[in-house]
Amino acid sequence: MIKRALADRPTERVAGDDLTPAAVMVLLYPKDGDYCVLLNKRSQEVEHHKGEISFPGGATDPEDRDSLDTALRETEEEMGIHRDDITVLGEMDEVATRSRFRVNVFAGTLRQAQGHPYEFRPSADEIAEIVEFPVSALRDPASVRVETHWQDGAPSTVYSYAYDKHLVFGATARILQQFLQLLENGLESEGHN
């Protein structure tokens, strides 16, 4: 359903040649009777966004073939997920971060053995904690924080998501919001609520 929703819409791009190219992977997989989205809490050792919740991903390296290659490489380096275990569903809209990155966003599913959770092998240098955010919790209105403030003379609404002891905000929350909208659109087109 997400693959079809992504195929049926153009990908929005972020303008700005001065932004550093990067890519992330939004992974969806079944766990304990629900679906989860994989996030991580970044360590204090990384260069950017220390201690924040993010998707697996990072800056483009010169040897990366394209932004998808960046997302797959970074997911493998950070979380120990082999690229052959990921089924890419498509590309979501780009986002810009406050730290001046232009992020290509890819959605995918994680292949795993029937009845067995995937064995993540996070990088001790980059990842402080694995955060598996259930889709049911993401869709729960009690998890959503909405703030509206003035920006450049107009109202701007930003979303954040709370789960367990974590707060997801900024570009990661914008990506989650986009992912949830794609999920809702896919469910509506299939007649589910």
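- In the displayed structure, Glu63 atom CD is contacted under 6.0 Å by more than 12 heavy atoms of other residues, nucleotides or ligands.
- Taking the charged nitrogens against the carboxylate oxygens, Asp93 and Arg174 have no contact shorter than 4.0 Å, which rules out a salt bridge.
- Follow the hydrophobic side-chain contacts under 4.5 Å out from Leu180 and you reach Val131 in the same cluster.
- Smallest separation of non-hydrogen atoms from Val95 and Ala171: CG2-CB, 4.3 Å.
- The CG atom of Leu38 sits 10.0 Å away from atom NZ of Lys31, with the distance rounded to the nearest 0.5 Å.
- Between Asp84 and Arg111 there is no salt bridge, since no side-chain N of the basic residue sits under 4.0 Å from a carboxylate O of the acidic one.
- Put simply, Ile86 and Ile130 are part of the same group of oily side chains (I, L, V, M, F, W, Y) that touch within less than 4.5 Å, one to the next.
- Within the 4.5 Å cutoff, side-chain heavy atoms of Arg100 are placed close to those of Asp18.
- Contact annotation: the side chain of Val24 approaches that of Ile175 to within less than 4.5 Å [non-hydrogen atoms, C-beta and beyond].
- Ser54 and Asn40 form a side-chain donor-acceptor contact under 3.5 Å, judged by distance and modelled atom types alone.
- The closest side-chain heavy-atom distance from Pro21 to Arg102 is below 4.5 Å.
- Side-chain atoms of Asp140 come within 3.5 Å of backbone atoms of Ala142 as a donor-acceptor pair (strictly under, hydrogens ignored).
- Using cut-offs of 30° and 60° on the angle between ring planes, the pair Tyr118 and Phe120 is tilted.
- In the hydrophobic clustering of ILVMFWY residues, with side-chain heavy atoms under 4.5 Å counting as a link, Ile53 and Leu28 come out together.
- Annotation: side chain of Leu72 is in contact with side chain of Met25 (closest heavy-atom distance under 4.5 Å).
- A salt bridge is absent between Arg42 and Glu52; no separation between the charged side-chain nitrogens and carboxylate oxygens falls under 4.0 Å.
- Rounding to the nearest 0.5 Å places NZ of Lys41 at 6.5 Å from NE2 of His166.
- Scanning all heavy atoms of the two residues, the minimum distance from Pro134 to Asp34 falls at CB-OD2, 3.4 Å.
- Panel note: side chain Ser143, backbone Ala137; a donor-acceptor pair is recorded below 3.5 Å.
- Using a 4.5 Å heavy-atom threshold, the side chains of Leu182 and Arg9 count as touching.
- Between Leu27 and Ile81, the closest side-chain pair of non-hydrogen atoms falls below 4.5 Å.
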Subject >> Trace of the side chain to side chain contact (heavy atoms under 4.5 Å, CB included) decision for Arg73 with Arg83 >> reply: CA-CA 7 Å; Arg73 175 185 55 76; Arg83 64 179 58 218; 3.7 Å; yes
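- Taking all atoms of both residues into account, the shortest heavy-atom contact from Glu74 to Gly58 is CG-N, 3.5 Å.
- For the pair Tyr159 and Val144, the tightest heavy-atom approach, listed with the atom from each and the gap, is CD2-CG1, 3.8 Å.
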**OP:** Applying side chain to side chain contact (heavy atoms under 4.5 Å, CB included), run through Gln178 and Gln181 and close with a yes or a no.
**Re:** CA-CA 5 Å; Gln178 180 187 163; Gln181 188 60 56; 5.7 Å; no
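- Hydrophobic clustering (ILVMFWY, side-chain heavy atoms < 4.5 Å, transitive): Val105 and Leu19 are in distinct clusters.
- Counting only heavy atoms from C-beta outward, the side chains of Glu91 and Leu68 never approach each other to under 4.5 Å.
- Annotation for Tyr35: atom OH does not count as buried by contact number, only 12 or fewer foreign heavy atoms lying within 6.0 Å.
- Taking OG1 from Thr60 and CG from Asn104, the interatomic distance works out to 7.0 Å, rounded to the nearest 0.5 Å.
- Ala107 and Met92 make their closest contact through CB-SD, 4.0 Å (heavy atoms, listed as atom of the first residue, atom of the second, distance).
- For CZ of Arg13, the number of neighbouring non-hydrogen atoms (other residues, nucleotides, ligands) closer than 6.0 Å is greater than 12.
- A distance of 11.5 Å separates CD in Glu77 from CG in Asp125, rounded to the nearest 0.5 Å.
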**OP:** Given side chain to side chain contact (heavy atoms under 4.5 Å, CB included), test Val168 with Tyr163 step by step and report yes or no.
**Re:** CA-CA 8 Å; Val168 182; Tyr163 174 67; over 6 Å; no
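- Hydrophobic clustering of Ile, Leu, Val, Met, Phe, Trp and Tyr side chains at less than 4.5 Å, counting indirect connections, keeps Phe169 apart from Val103.
- Checked by atom type and distance alone, the side chain of Thr70 never pairs as donor or acceptor with a backbone atom of Asp64 at under 3.5 Å.
- Side-chain contact between Leu176 and Phe55: present, with at least one pair of heavy atoms (C-beta onward) separated by less than 4.5 Å.
- Here the closest heavy-atom approach between residue Ser67 and residue Phe106 is recorded as OG-CZ, 3.4 Å.
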Original post:
Step by step, would you call Thr172 with Leu39 a side chain to side chain contact (heavy atoms under 4.5 Å, CB included)?
Top reply: CA-CA 9 Å; Thr172 302; Leu39 298 162; 3.9 Å; yes
